[in-house]
Structure formats: structure tokens, C-alpha cells
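Working notes for the structure below.
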Amino acid sequence: MKMARKLVYVETYGCQMNVGDTEIILSILRDNGYDRTEVMEEADLILANTCSIRDNAEQRIHGRIARFAQEKRRGTADGTAPLVGIVGCMAERLKDKLLESGVVDLVVGPDAYRSLPGLLAAVRPDNPQMDVQLSRDETYADIRPVRTDRLGVSAFISIMRGCNNVCSYCVVPYTRGAERSRDAHSIVREAREVFEAGYKEVTLLGQNVDSYLWKSADETVNFAELLRRVAAIDPLLRVRFATSHPKDISDEVIETMASMPNICRHIHLPVQSGSTRMLELMRRKYSREWYLERVARIREVLGEDCGLTTDVIAGFCTETEQDHADTLSLMEEVGFDWAFMFQYSERPGTLAQRHYPDDIPPEVKTRRLEEIIALQNRKSLERYRAQIGKVHEVLVEGPSKKNPAEICGRASNSMMCVFPGSHPAGTYVRVRVVDCTSATLICEEI
Ligand code: SAH
Ligand code: SF4
Ligand code: F3S
């Protein structure tokens, strides 16, 4: 007898790890009778894959839960009320508190997705289900993710889970558990499969990719070796990775990038602050000088044009005007291509929340963040302008959003390029940069 298939609708928040996890969840559900829909109103199961990194990320989800509640009411009369599940980092952090609203039927943490079918079979309107067990060894290595990107050009591959650092501001070690590296062979196999399916780019994902380390009885694979193996699949497969940690990025990784042209010339290297005193309080385990030395090494080996991007936090505990000025001067000195910039948001249970006062007034945080953003905008424009006249190889992603007669795609250094043309997604095109904005290179094909 064939069971009627059901429909699952998923919203994904947070980082690329969550995007990858949604693809794992869809794979597990597909094998258990659920197809994906992009229309919430027809779903039998509504999932939100959530993020806890800052308070505003969580507030947004609470707003969505209120919206899902309306959707449940829609179906109570005819018995088609959808189930609502909260998965991901907020599920792990808030656990059964999420059940209090009476809206949520399912709470599942990032290491418990294999139990979804069992939980779904057990769930009843008056009997919500929860699994927030963290794991020391779960990497979902054997699960083939259902790709959710529309273009079929670029795929994310998780190479590790969790995080063993304890940056004092950060909730991730609590929501994602201890660090563990995935079987290197399963990563290379997945990369080969997506390449054979027509993808041209893979991004290897972890909270701290430089500490990737996988051991079996007869081999040990570190991140540099993993990069070599993935890049060796085919010269036409581009390899990207994120996130690198300044304390761990090694000369071997930088030199491996230099030795293989299909490893993209871009490093996302979150600095967080330019003040060594702040970095100590943040427990980042490097100093301003160490960070600048790593940048110098990257530029020496990979050249001035290597893409370099970062994350910055404004207004962390006890931050003085001098500490803030140190952040601005570091950003001035390095000249990042772009950055993610945030105000510090205190997270319950973290070291900072337990030991330091969140003592920078909101208006001061806002003003410092504005100064950081203004400086970065100026630096971005400088960095993009410096590309005018240069030649890049672009991997086409599709038509430009602004002008359908143009196509867009990224250069190896991760800068977005637009140019007139009609090549299909997945083609490599050589272009020359003729103009720019602070976020786009305007090019022509050569
Ligand atoms: N693993 C990565 C970053 C993960 S979180 C790394 O170590 O670099 C992404 C970014 O969110 C961080 O780099 C940091 O800049 C920011 N972030 C993390 N916790 C935060 C908090 N409590 N308040 C504001 N920003 C935060
Ligand atoms: Fe958070 Fe630090 Fe781990 Fe990054 S390295 S996820 S900032 S604890
Ligand atoms: Fe957010 Fe969790 Fe990623 S807290 S940033 S979704 S690891």
C-alpha cells in the first residue's frame, strides 16, 4: 500500500550551516513521506530552522511563531491544521520553553534530526515532541542533502559540526555542542557527486575550518589536506570555505591555496575587534599584532588582490573609545573588501553574560557601529576601485537582478561582477573590470 505523501515548508534563518542542515532535514523527511513546498498555506508541516546568535535573530522567530499560529487556526475547522516545528539553534537554547505558547508541536536540536520521523509519528495536538540531545559524533556524513539552491551552481558542504572555542560573547558552543570533524572520504565523495550533477562550486563549511582534523586507522587528514583532495576532483570545480579563525589559519592552508588555482582567492577572517584588550576579554586567543601578521602572510603568499572579509562587533563589554578607535584603525590598515558588522548582543549563558557587564549604552553601540560601517563603506569602494582595468574569471550565477540584459557571478576573490551577456548559469567567463560600486564590479566580456 502506498502512503499519501505530505508537504513540508521550511524557513531557514542564521548562517550557512543552517542552510546545510535544512538540506539534511529535507533529505531525512523525503525518505519518510514528505515533499518540499514553498507555499506555507498548503503545508502539513511548517518548520523554522532557527538562529540564536543575537537577540534580534530570536525576536524575529517569535514573530514567525505568531504567524504560524494563524496558519494552524486556518486548518482547525477541517482537520488540516499543520504541525509547527522549531529546529536549529533556538530549539537547542530554549528547549521546552518553546512549547509554552501552545503553538509549537516539535522542538528538535541540531544533532537530533535523525529522530524527526519518530517524533513526527508520535506527535499529537496535545502531545508535542522534543529532542535536543547534543552528540559527540553526529556529522550526518551518510545523508545526501536535498539541494535547495535554485541555480544548481554552488553547493554548501558541512565538513564539521559544533565549536570547541569559547569566545565569551558567543552562544554557538551551547547550541551546536562540541566540535567534530566529518569523515574526509564522505566529504570528497559528496563534492564529486555535486560536480558530476553539474555544480561548479563547493563551499566547505565549519565554525572553524582550520581546526578540521579527521583520523582513521591509517590516515590523518587536516584542513589543508582536505582542501587539496577536494580541489583535485577537477580544475573546473571551484572550492571555497568558511569560516577561518585567525588563531588557527596555518601557513600550510595559505600555501595550499596558492598551489591550486581552483581554490578561490578569498578568506573570511573574522577579527571582531582591533583592540588586544577586547580580544582577550572576548577570549579570541590572538592579539591585534597576530591578526595583522596573518593578513600580511596571506597577502605575501596570495597577493594583494586576495579577497579578505571580516566580522566586527561594536560595543562589547567595557569597550572604551580607545578600544573602538583601535578597531577603526585596524580596519583602515587592513582594508577589507566587505564586512559583517554587528552591535554586541548579550546572550544568556555565555561567559560574557555571566562575568562581564553589558555596560555600553545602546546609543553608544549604535554610534560606534555607524562609524565602523561608514569606514568600511569607504574601504570597500577603495578595494573595488583598485580592480578597475583588471581581468577576472567569473562563474556565472544567472541574470542580474537589476537588469535582465546583464548576467552576474563572482570572481575568485568573491567580488560580485555584472556584465552584458547571456551565458547560462555555471559558465566561466573572462571579463575586464570597467567600473564599480562599493559592492559590485561592472565588467565587460573579453
Ligand atoms: N565561527 C565564526 C563566527 C560565527 S558567528 C567565527 O568564529 O568567526 C558569526 C558572527 O556573529 C561572529 O563572527 C560575530 O562577529 C557575530 N556574533 C557572535 N556572537 C555575537 C553576539 N553575542 N553579539 C553580536 N555579534 C555576535
Ligand atoms: Fe562562536 Fe568563537 Fe566558535 Fe566562532 S569560534 S562559533 S565566534 S565560539
Ligand atoms: Fe545562528 Fe546557530 Fe549559525 S546561532 S549563526 S544558526 S550556528
Side-chain angles (χ1 to χ4, degrees), residues 11-22 25 48-61 86-94 109-111 132 134 156 158-180 205-212 241-249 267-274 278-279 281-286 291 294 309-317 319 327 331 336 338-354 356 358 360 362 365-366 368-369 372 376:
E11 292 184 359
T12 306
Y13 299 86
C15 62
Q16 292 171 341
M17 308 286 303
N18 260 13
V19 176
D21 281 3
T22 289
I25 291 168
N49 192 0
T50 59
C51 174
S52 290
I53 200 82
R54 284 167 291 276
D55 185 56
N56 55 13
E58 290 199 351
Q59 291 315 321
R60 206 161 146 213
I61 307 294
I86 301 297
V87 303
C89 290
M90 216 172 141
E92 194 61 48
R93 196 180 85 69
L94 292 173
D111 285 347
V132 289
L134 287 171
F156 294 127
S158 282
I159 63 165
M160 57 208 296
R161 299 184 69 83
C163 183
N164 273 0
N165 297 309
V166 266
C167 302
S168 59
Y169 51 80
C170 184
V171 77
V172 171
Y174 307 93
T175 62
R176 294 247 160 198
E179 180 186 289
R180 65 222 96 120
L205 293 178
Q207 294 297 352
N208 180 0
V209 290
D210 304 289
S211 64
Y212 176 86
F241 55 89
T243 303
S244 303
H245 196 302
K247 80 178 161 64
D248 294 319
I249 186 166
I267 301 179
H268 186 63
L269 198 64
V271 66
Q272 315 299 1
S273 169
M278 281 292 102
L279 291 169
L281 272 191
M282 289 174 166
R283 306 219 181 185
R284 288 289 286 178
K285 303 199 174 90
Y286 55 85
Y291 187 90
R294 288 290 78 193
T309 57
T310 202
D311 296 349
V312 180
I313 299 177
F316 185 58
C317 311
E319 185 185 73
T327 296
M331 294 174 75
F336 296 105
W338 44 265
F340 294 121
M341 298 160 281
F342 313 102
Q343 290 187 31
Y344 172 57
S345 165
E346 185 177 80
R347 307 311 296 131
T350 56
L351 274 174
Q353 183 263 327
R354 284 180 282 135
Y356 317 138
D358 180 12
I360 307 304
K365 284 184 184 170
T366 305
R368 288 182 187 166
L369 180 63
I372 287 169
Q376 182 52 46

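Just so you know, these numbers come straight off a predicted model, no measurement behind them. Indexing begins at 1, ligand by ligand and atom by atom, following the structure's order.
For the atom pair Arg284 CZ and Ser273 OG, the distance stands at 10.5 Å (nearest 0.5 Å). The CE atom of Met282 sits 5.5 Å away from the CZ atom of Phe316 when rounded to the nearest 0.5 Å. In this structure, CG on Leu281 lies 12.5 Å from SG on Cys167, to the nearest 0.5 angstrom.
Given atom 4 (S) of ligand 3, the protein heavy atom at minimum distance is Ser52 N, 3.3 Å. Remark: minimum distance from atom 7 (S) of ligand 2 to any protein heavy atom is reached at Tyr169 OH, 3.4 Å.
Heavy-atom contacts of Cys89 reach the following atoms of ligand 3: 2 (Fe), 4 (S), 6 (S), 7 (S) (cutoff under 4.0 Å). Of all the atoms in ligand 3, the ones that sit under 4.0 Å from a non-hydrogen atom of Cys51 are 1 (Fe), 4 (S), 5 (S), 6 (S). Taking a cut-off of under 4.0 Å to the non-hydrogen atoms of Gln207, the atoms of ligand 3 that pass are 7 (S). Taking every non-hydrogen atom of Cys15 and a distance limit under 4.0 Å, the qualifying atoms of ligand 3 come out as 3 (Fe), 5 (S), 6 (S), 7 (S). Of all the atoms in ligand 3, the ones that sit under 4.0 Å from a non-hydrogen atom of Asn18 are 6 (S). For ligand 2 and Arg284, the ligand atoms under 4.0 Å from any heavy atom of the residue are 2 (Fe), 7 (S).
The shortest heavy-atom distance from Arg176 to ligand 3 is under 4.0 Å. In this structure, Arg176 does not count as a contact residue of ligand 2, since none of its heavy atoms falls inside 4.0 Å of the ligand.
With no hydrogens or angles considered, a side-chain donor-acceptor pair links Asn49 and Thr22 at under 3.5 Å. With hydrogens and angles left out, the side-chain atoms of Asn165 and Lys247 include a donor and acceptor closer than 3.5 Å. There is a side-chain donor-acceptor pair under 3.5 Å between Ser211 and Glu179.
In terms of the side chain to side chain contact (heavy atoms under 4.5 Å, CB included) criterion, residue partners of Asp311 (sequence neighbours excluded) are, by chain and number, His268, Pro270, Gln272, Phe340, Phe342. Contacts of Arg180 classified as side chain to side chain contact (heavy atoms under 4.5 Å, CB included), with partners at least two apart in sequence or in another chain: Asp111, Ser135, Glu138, Thr139, Arg161.
The shortest side-chain heavy-atom distance between Cys170 and Ile53 falls under the 4.5 Å cut-off. At least one side-chain heavy atom of Glu58 sits under 4.5 Å from a side-chain heavy atom of Leu94.
For atom 3 (Fe) of ligand 2, protein N, O or S atoms under 2.8 Å: 1 in total.
A salt bridge between Asp21 and Arg176 is present, with a side-chain N of the basic residue lying under 4.0 Å from a carboxylate O of the acidic one. Note on Lys365 versus Glu319: no salt bridge recorded, every NZ/NE/NH1/NH2 to OD/OE distance being 4.0 Å or above. Between Glu346 and Arg354 there is no salt bridge, since no side-chain nitrogen of the basic residue lies less than 4.0 Å from a carboxylate oxygen of the acidic one.
Ser158 contributes no side-chain N or O that, together with a main-chain N or O of Leu205, makes up a donor-acceptor pair within less than 3.5 Å.
Near ligand 1, residues Ile53, Arg54, Tyr169, Gln207, Thr243, Pro270, Gln272, Arg284, Asp311, Ile313, Phe342, Gln343, Tyr344, Ser345, Arg347 each place a heavy atom inside the 4.0 Å sphere around the ligand atoms.
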